[in-house]
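In what follows, a structure is listed as structure tokens, so that the remarks can point back to it.
Per chain, numbering begins at 1; letters A, B, ... match sequence-line order.
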Amino acid sequence: MVFHFVDQILELDPGRHALGIKHVTSGESFVRPNAGGRATLLSCIIGEALGQLGAWNVMAAKDFAVRPVAGVVGEVAISGEAAVGDSVLLDTTIDSVTDDAVFYHAAASVGGATVLRLENTLGPLLPMEQFNDPKEMRERFAGICHSGDSTGAPETGESTAPPFDLSFDEILSFESCKEAAAVRTLSGSEAFLKDHFPRKPVLPLSLLLESLLQLGQKLLEDGGSLYVPTGAQRVKMSRFVEPGDSLVVKVRVSERNAKNALLKFRSEVEGERVCVGQAEYRAVIGENR
Amino acid sequence: MNTDTIYPKVREIIADVLAFDVEEIQRDGSLVDDYSAESIDFLDLVYQLEREFKIKIPRGMIEQEARRGIGDEDFEEHGRLTEKGLEHLKEYLSEVPEDRFTPKMQVSLIPTLFTPETFCKIVLREMEGGGQAASD
């Protein structure tokens, strides 16, 4: 279980609403020290968990004939963190389901405080058979619907998964506070590809976005100033990134002042658009986030 | 009501969906050729229009409506428009500049013809009671 983030589904109103839990444990691939040194789950993985809960709901409502994939996220708003030991409450509301897409919004909270929201999110629905074994998905779904007391220990316990490497293979250009370009080739041996997806391994939008946000963060650093991402808007994934693809990422600073910054990003494979959007940051000079 | 009434809002939504400035969106521009719209953008656009105007736009509606009143065999042959099909399409997509239609064009390329005005017409039709009712 490398890339499944819903530990338990607490409530399910098929095709409409779901509540779930993600326990953050030490040793997870996607836990990192934050600016203050506290081990926290990558924000984009919280977003991924929300998307996965929405996906479970739609897949179950559609009898596992189709599954959603990443399409458009109108807004990601990051307002807090989930640290090791925290249980993240996932709340996903489906606004509409058609034959070809699901539209939803979602919020993740820790101890009653919202840590991340997704708004105006769209996922195209594609035939399940192309991505997963429907039988295996049904079994997994049954497992997380009946995994006992939500306050209990996470089902996977402590793991020793190697940390996910967010870095690029090469920085192609870098002009501090202006723009940067970097490339990463998906080798096919990345651990998350096993789950995302077994029959069609592709780079998850959440990880692409996390890499972009981190590249943007480096780009904004200048003379000791530090900016942290507070969200992203109109993030759109228009094609899959598969093993062997070289993903070129371009990030450009659109606005930057003492308090905030806005970045535009675009990524491509062989000149074809893969993902576009913008990201917002706030300055946290001398502050522990 | 006519499409002039809703165009400003439709234009704003198109600009937002395709990440352009509103001023850059021309009413007769090709969403695919001029603004690089891809299939995910059309999904997004239709959904945003549905939300804004509180309507339902049936998927594949444009092509279905363009085929109305003409048999499949008269409309296309081996995935390409027949002469009759082309004339039918031109009449249906009357807002699209004539020179963008090509003889024997592939049916799969019909979306490359769509303009902001095409979507204004769709929205208007749905606001006024739906495509089916309007043309039947």
Check your understanding: Can you tell me how far the CZ atom of A:Arg234 sits from the CG atom of B:Asp44, to the nearest 0.5 Å?
Key -> 4.5 Å
Check your understanding: Hey, what do you get for OG (A:Ser238) to CG (B:Leu43), rounding to the nearest 0.5 Å?
Key -> 12.0 Å
Looking at [X], I'd like to know if its [atom1] atom is crowded, meaning that more than 12 non-hydrogen atoms belonging to other residues, nucleotides or ligands lie closer than 6.0 Å.
X: B:Glu83; atom1: CD; result: no
X: A:Asp99; atom1: CG; result: no
X: A:Lys62; atom1: NZ; result: yes

Practice item. Please state whether the side chain, the backbone, both or neither of B:Glu50 comes within less than 4.5 Å of a heavy atom of chain A. Key: neither
Review point. Is there a donor-acceptor contact under 3.5 Å from the side chain of A:Lys236 to the main chain of B:Leu18?
Key: no
Exercise for review: Any chance you could lay out the side-chain contact (heavy atoms from CB on, under 4.5 Å) test for B:Asp41 and A:Arg273, step after step, and finish with the verdict?
Suggested key: CA-CA 12 Å; B:Asp41 299 312; A:Arg273 180 181 103 186; 2.8 Å; yes
**Study point:** Pairs of heavy atoms under 4.5 Å with chain B: top-ranked of A:Leu122, A:Asp95, A:Val276
**Key:** A:Leu122
Review point. Heavy-atom distance under 4.5 Å to chain B: side chain of A:Thr98, backbone, both or neither?
Key: side chain
